Structure formats: structure tokens, C-alpha cells
Amino acid sequence: MKTNKNYNNLVPNYLFAEIAKRTNNFLKENPDKSLIKLGIGDVTLPLAPVVVEAMKKGADDLGKKETFKGYPDYEGYEFLRQAISDYYKGFGVDVSADEVFVSDGAKSDCGNIGDIFSADNTVLVTDPVYPVYVDSNIMAGRKIVYAASNQENGFAAMPDENVKADIIYLCSPNNPTGSAYTYDQLKEWVDYANKNDAVILYDAAYEAFITEDLPRSIYAIEGAKSCAIEFCSLSKTAGFTGTRCGYTIIPKELERDGENLHALWYRRQATKFNGVSWPVQCAAAAVFSEEGQKQIKENIAYYQENAKIISSALDELGIYYTGGKNSPYIWLKCPNNMGSWEFFDFLLNEANVVGTPGEGFGQNGEGYFRLTSFGDRENTIEAVRRIKELLKK
Ligand code: PLP
């Protein structure tokens, strides 16, 4: 009996444990201080009313013989896949319902997609990075190369013709940096992938936060259907972090190594996944209804306003940052050349505000810091007031 020794190659991720430890120690020593957490990557607003109604109705259906549902389709019910296809049409992107696979979220799909690829492939990720891309490929024993996102490229890493990669993870708008690729930048990645026979795994989990004229989907780029798979999620779009629903798009025409990737993923899902529950798919479909869109946009606007409050303060303080405009994340340069953890302690002790040290997301995160707009308005305003007071000194 042997275990998967690739797991020994995982770098222990102390980030959130270390944040919790330092925060708890602080509270133990300063029980009367009020801490504000701007480090959370989870949403705080409740589900939209139409979504809750649809979920309740879905649950009622399961309680009646005439409307009871058993195992769902592996790829999701047609009505939800069609609603997703129509949603894409709304921003001018053509994705057909039979290219959509409904899932329990983007994290699972980003991690599981590797099942259809050989362990011999070289994987490229941008650094800093959402850790799931790295860890799931280390578990599979794949070689990983890094493309640097840094201040010089506005935290938008671009392809390098001298670097050979077979699988490329891109995330736009990005977690953790909040930067979002332009049409021209994404076109460069698409051209690189098509030329080098690579596949782009495009994570669009934050597309709903885009406010400027930037691509909401990689399929807004010519040539993407022959090289890209897209993941998306209702977690941040509609507050589904606890409800669990996402989707993956694999174009019917996407082929590599003599195989059709849509067919391979269908086979994989049919073997290892038994679909998303009826009430959750009903709730997800409600997100894409006219009223659903109106209601979820109110929640997104709330987070966007928080982001604006944070980024306006950084503008005032003259601190470099990316994100905030097209993303719930604000990625800032630690003032006075402080290290990430040094700034974490400084903010915690002096302003009683908790954020996320950038180095937890990769080497290029050292010296940077992530704040999020998922808190509530009052706390965000108060945290920003404290940060301004501290850093103006
Ligand atoms: N992709 C990115 C870039 C994320 O930041 C997250 C969550 O933080 C996810 C995917 C996970 O999405 P889901 O909740 O759908 O699994």
C-alpha cells in the first residue's frame, strides 16, 4: 500500500491559520479593542429574495410525489444551462447550453479538471496566485512554472515565448490582486495558447464585478474556443458560498492530443460527480432571471461601494494599489517598504484592522497586502478612517 507522495511536496499553507493565531493573541491581550476584519474572502450579504423563494419551491417539489426529483443530470438541468447561455448572450458572448456543465462550485472544477490531463504537462500559474491551482497540480505531480505579476506589469502577467507551458491558469478579475485583463492582453494569451498547443483554464469567478469595458469571459476573445476552458461561480456573484453552485464551460470544438476535451470532462463528471441538487439549481436559475439580476446587482453594488471607499482612501494617501474597480479585492503596496507580515502586525496593533498578507499568495506578494470589500458598510468606513489616521501620521 502506498500513499500519494506528491502530497509531501505541498507547501504547508499557514496563511489563514497564522492570521487567526495573531488575531486571537491580540484579542487575548486587548479584550476591549474592537477588531475589524477586512481580510475575509467570503460574502456577508444574504441571498436575494427571489433566490430564496426559488430554493423553497424546489424543496417543496421534492416533498411531493408528482414533482419529486431523483438524481439530476451530471451536466446540470437544461433550463439552468440555457439560462447561463442567455446570460452570456447578454454581454455579447456566444456559449451554447450544451457547452455548460453545472457544478457545486468553481473550486472543485478548477481542482478536478486536471483529471483529464496527463501528469506530464507543465502548468503555468501567475504569481501571486489563488492557491488551489498550485496545490491541485502538486497533488497530481505536475511541474509548475510561474509568470510574475508585479508592479511593472500592473499585476497582469503576460506570456513569455521562451517559457513552455501546456496548461495555463488565468484568473481575471484576479484573486488576490484585483487586476483584470484587457481584451488585448487576453488576446496575447489566447494566441500564445493556440500557437503552443496549450490549454487556458480561465477562472472568471469575479466577472460580475467588472465595471469597465473589459472582457467578462475569455470567449469574448477571438480564438478562445479552440484553446480555453472557463470556470465561473455564483459564490461571489450571488452569495452562493454556502449554497454551492458554479459552472464550467468547455467548447464542443476544443481538442488536444487527438481528444475532445468536452467529451473527456463529460466522462469524468459522469464517473465522479452526481450533479447539483434540484433546489440549488432552481435557486441558481432564479439568479439569471430578470428580477434575480436586479436583486443580485444591488448586493454587488454594495460591495463595489465598499471597494470604492477603500480605494479612495488609498488614493488620498498616495498608496499604490490594483483592484477595487473591477473586483472586490484591493491589493496595495505596504507603505514604507514594510513586509507583508510586518504591515499585518502594524495594522492589527495600531488600527485594529485585519487584512491578508500578500506573501501568502506567492513570492511576488511579498510587500503587498489584500483588503476585501465583503465587510459591512459601517465597518468598512470605520476601518478606512483608522487606516487613514494611522498612515497620515
Ligand atoms: N476561484 C477563485 C479565483 C476564487 O477566489 C474562489 C473563492 O474564493 C473560487 C474560485 C471558489 O469558488 P466556489 O465558491 O465556486 O468554489
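Read the numbers this way: they start at 1 and go in the same order the structure lists the ligands and their atoms. Please read these numbers as outputs of a predicted model, since none were measured by experiment.
Shown in contact with Cys171 at under 4.0 Å from a heavy atom are these atoms of ligand 1, numbered in order with element: 3 (C). Atoms of ligand 1 found under 4.0 Å from any heavy atom of Asp203, numbered from 1 in the order shown, are 1 (N), 2 (C), 3 (C), 10 (C). For ligand 1, the atoms lying closer than 4.0 Å to a non-hydrogen atom of Gly105 are 15 (O), 16 (O). For ligand 1 and Lys107, the ligand atoms under 4.0 Å from any heavy atom of the residue are 11 (C), 12 (O), 13 (P), 16 (O). Those atoms of ligand 1 with a heavy atom of Ser235 less than 4.0 angstrom away are 13 (P), 14 (O), 15 (O). Atoms of ligand 1 found under 4.0 Å from any heavy atom of Arg244, numbered from 1 in the order shown, are 13 (P), 14 (O), 15 (O), 16 (O). Which parts of ligand 1 touch Lys236 is read off a 4.0 Å heavy-atom cut-off, strictly below it: atoms 7 (C), 8 (O).
Inspection of the Tyr329 and Tyr206 side chains reveals an N or O donor paired with an N or O acceptor under 3.5 Å. Remark: the Tyr192 side chain and the Asp160 side chain contain no N/O donor-acceptor pair separated by less than 3.5 Å. Side-chain contact annotation: Thr211 with Asn326, donor-acceptor N/O pair under 3.5 Å present. Side chain to side chain, Lys69 and Thr67 fail the donor-acceptor criterion of an N or O pair below 3.5 Å. For Ser217 and Glu230, the side-chain atoms include at least one donor-acceptor pair closer than 3.5 Å.
Using a 30° and 60° split on the angle between ring planes, Phe91 and Tyr88 fall in the tilted class, from 30° to 60°.
In the candidate list Tyr247, Tyr133, Tyr130, Phe231, Tyr130 is nearest to atom 9 (C) of ligand 1, counting heavy atoms.
Each of Gln269, Arg267, Arg268 was compared with Asp115 under the side-chain hydrogen bond (donor to acceptor under 3.5 Å, both in side chains) criterion, and only Arg268 meets it.
Distance alone, capped at 3.5 Å, is enough to place a donor-acceptor pair between the Tyr219 side chain and the Ala228 backbone.
Heavy atoms of Phe240 stay at 4.0 angstrom or farther from ligand 1.
Between Ala106 and ligand 1, at least one pair of N/O atoms sits closer than 3.5 Å. In terms of N/O distances under 3.5 Å, ligand 1 is approached by Ser233.
Of the protein's heavy atoms, Tyr206 OH, 3.4 Å lies nearest to atom 4 (C) of ligand 1.
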